[in-house]
Amino acid sequence: MAVLQHVKVLSGVVFLLSISMPVECDMSVVSTAKQAVSSTNPTYASWNIDASYNRGFFHINFSNPNLHAGATSLHPSVMRFGGSGNDFLTYGPPSIPCMSNNDSDTKGCLNMTHWHEFYDMATASGTKILFGISFDMVSACTYNNSYVWKSDNAKAMVQYIKDQGQTIWGFELGNEVNNRQDKCSLSPAQQADAFILFSKVLQEIYPEAKERPLLVGPDSGYLKPQQWLEGFLEHAGGLVHAVTHHVYPGVTLNNWNQSSTLDRVLSDIGWYVPIVRNGAPQAQIWAGEDGPTGGGEDGTCGAASACGTYATVPWYADDLGIRAKHGFAQWQRQDLIGGRYGLLSIPHDNEFLGPDDPVGIHPDFWVNFLWKRLMGTVVLNATTAVHGPDTSADLSPLRVYAHCGTPPSPFHAGGGRGAVGYVLINLADDSQTVTLADITHYTPYFLTPGASGVAATDILLNGVTLPTEITDGKPITSIPGGVPKQTQGPLTVPPASVVFVTAIPASLLHACL
């Protein structure tokens, strides 16, 4: 049965009434916008690059101008240089060069030519670097519970970076080490001890605290993460600027539009946030590596894959909103390039990029792009509640999030004194009618699937197909098609759509001034 939804925003509170025939059901979306619930970093919607061999890291020419343009289009960002491959890297500064002609899934050499191209891409795009230092997983799984991380190779690399006058915003050490805790008999204390030793290395190389890169971690994965995080933070919680955990909710073409799929993250948030606040109260809470579903060994995301299609657009927008509302300061997307879950695609099955190759644009890119230009960093409360005979989450097809303040992009189209940015996500097959009370005019941006449907890679903005590749080396700065005209009256949210809305309430909210 078609369901007509009717939403009102009144005095900072959003009310959604629903009429359904023949079953009676009252649905309400309530947004308390008078007070901020949290705030995000300006770089909140950021991204990663994985050093894994099976993500093509050693076969990507980072001097490619189209890649530079793609990264610049998403400014400001933090680029996390991390992933499974980072724990198998050896660094090759001039003092201890390494061989780079025999790279594999369990062995990699970061030579300085590749490093300088990589670093230059970040600086050219105005992107901060979060460098994931190798935990040396080969040695860790050889010596097991007696393993002690050695700092020599990392210290030589960091010293080289310092001597070159290069700037690193922060460092991590180890990627999902907990996923090997049983197989390799490792403990959180071993990773914490590595952090403690590495912090001393940083103090030695950067004696001035204001110049010293920050520490972030431990980048825990799926295997018994609660115990690992608690153990790590007990020993090294005072060292970290931010705590990181990795989540892949398993979005596929079969479940992309189910509220239960999007709500899976709530179980992780439920234990993760309290552990961080208890074990490292000074630290920011981060989503350190999140993607729609795990890429697998070949980066294809497995059966019924939604990666690289429009079907992950609702999840991405929703996860950005839901984590911000729960106090997350940073959200690192896996990844920018490499594997089919990237925001950008590259030729040769996403495993190779030549110096002049075009760079493809996946639909999720546009969520990040619009978020930077339309959503501020002050997070307002937006909650969804279902009332009626059946209170299952799947009866709530409309999900709403609200932020205010000036968006972080230098090319932002939102903002202004008291401006509020909304994200409305409609998982239903029917349109939802929304009335924004206390707002006389608003500007909507409709993201909808193209003619080929959600399983395809085309995406529309306000009915016009968005670019699917970058070929001219030029960043995309302004919103394609320009800023839409302001409108008034009810807002119709199309099926399977993500709608960004900017507006200035008639009654300005104190949190947004």
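Below, each value reflects all heavy atoms present in this structure, side chains not excepted, and no hydrogens, waters or symmetry copies. Throughout, numbering of the chain's residues begins at 1 and tracks the sequence.
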Just by distance, no angles: are the side chains of Asp136 and Ser134 close enough, under 3.5 Å, to form a donor-acceptor pair?
no
Does Arg212 make a cation-pi contact with Tyr206, if we ask for NZ or CZ under 6.0 Å from the ring centre and within 45° of the axis?
no
Checking Tyr310 side chain against Ala496 main chain: does a donor-acceptor pair fall under 3.5 Å?
yes
When you check the side-chain N and O atoms of Thr312 and Trp256, is any donor under 3.5 Å from an acceptor?
no
Is there a donor-acceptor contact under 3.5 Å linking the side chains of Gln166 and His116?
yes
Derivation and outcome, ring-ring contact (aromatic ring centres under 6.0 Å, His included), residues His246 and Trp286:
CA-CA 9 Å; His246 302 173; Trp286 282 26; over 10 Å; no
Geometric class of the Phe118/Phe57 ring pair [parallel <30°, tilted 30-60°, perpendicular >60°]:
perpendicular
Does either side chain, that of Gln332 or that of Gln330, offer a donor lying less than 3.5 Å from an acceptor on the other one?
yes
Return the minimal non-hydrogen interatomic distance between Ala36 and Leu380, and the atom names on each side.
CA-CD2, 4.3 Å
For Asp87 and Gly174, the nearest pair of non-hydrogen atoms, with its separation, is OD1-CA, 3.4 Å
Distance-only donor-acceptor check, side chains Ser220 and His245, under 3.5 Å
yes
Determine, step by step, whether Thr43 and Asn41 satisfy the side chain to side chain donor-acceptor pair (under 3.5 Å) criterion, reporting the C-alpha distance in whole Å, the side-chain angles of both residues, the deciding distance to 0.1 Å, and the verdict.
CA-CA 5 Å; Thr43 56; Asn41 295 327; 4.6 Å; no
Using the ring pair (Phe, Tyr, Trp, His ring centres under 6.0 Å) definition, which of the options Trp169, Trp115, Phe198 pairs with Phe131?
Trp115
Residue from Asn368, Asp290, Asp319 passing side-chain hydrogen bond (donor to acceptor under 3.5 Å, both in side chains) with Trp331:
Asp319
Does the structure place the NZ or CZ of Arg373 under 6.0 Å from the centre of the six-membered ring of Phe369, at an angle of no more than 45° from the ring's axis?
yes
Let me confirm one number: the OG1-CD1 distance from Thr167 to Ile129, rounded to the nearest 0.5 Å.
8.5 Å
Looking only at side-chain N and O atoms, does Tyr248 offer a donor or acceptor that is under 3.5 Å from a partner on Glu289?
yes
Rounded distance [0.5 Å steps], CG in Leu89 versus SG in Cys109
8.5 Å
With the threshold set at 4.0 Å, does a side-chain nitrogen-carboxylate oxygen contact exist between Asp335 and Arg340?
no
Could you tell me whether Arg55 and Glu351 have a side-chain N and a carboxylate O separated by less than 4.0 Å?
no
Give the minimum heavy-atom separation between Gln190 and Tyr147, together with the two atoms involved.
NE2-O, 3.0 Å
Separation between CG (Asp219) and CG (Asn179), nearest 0.5 Å, reads 11.0 Å
Other residues, nucleotides and ligands only: do more than 12 of their heavy atoms fall within 6.0 Å of NZ on Lys107?
no
Is the backbone of Asn61 close enough, under 3.5 Å, to the side chain of Glu117 for a donor and an acceptor to pair up by distance?
no
Any sub-3.5 Å donor-acceptor pair from Lys155's side-chain atoms to Val201's backbone N or O?
no
Working to the nearest 0.5 angstrom, can you tell me the gap between His403 NE2 and Thr40 OG1?
6.0 Å
Apply ring-ring contact (aromatic ring centres under 6.0 Å, His included) to Trp371 and His412, showing your working.
CA-CA 9 Å; Trp371 190 283; His412 68 80; over 10 Å; no
Apply ring-ring contact (aromatic ring centres under 6.0 Å, His included) to Tyr53 and His59, showing your working.
CA-CA 8 Å; Tyr53 181 83; His59 309 290; 5.6 Å; yes
Going through the checks in order, is the ring-ring contact (aromatic ring centres under 6.0 Å, His included) test met by Phe500 and Tyr422?
CA-CA 6 Å; Phe500 289 84; Tyr422 299 92; over 10 Å; no
Closest approach of Leu343 and Leu74, non-hydrogen atoms and distance?
CD1-CD1, 3.9 Å
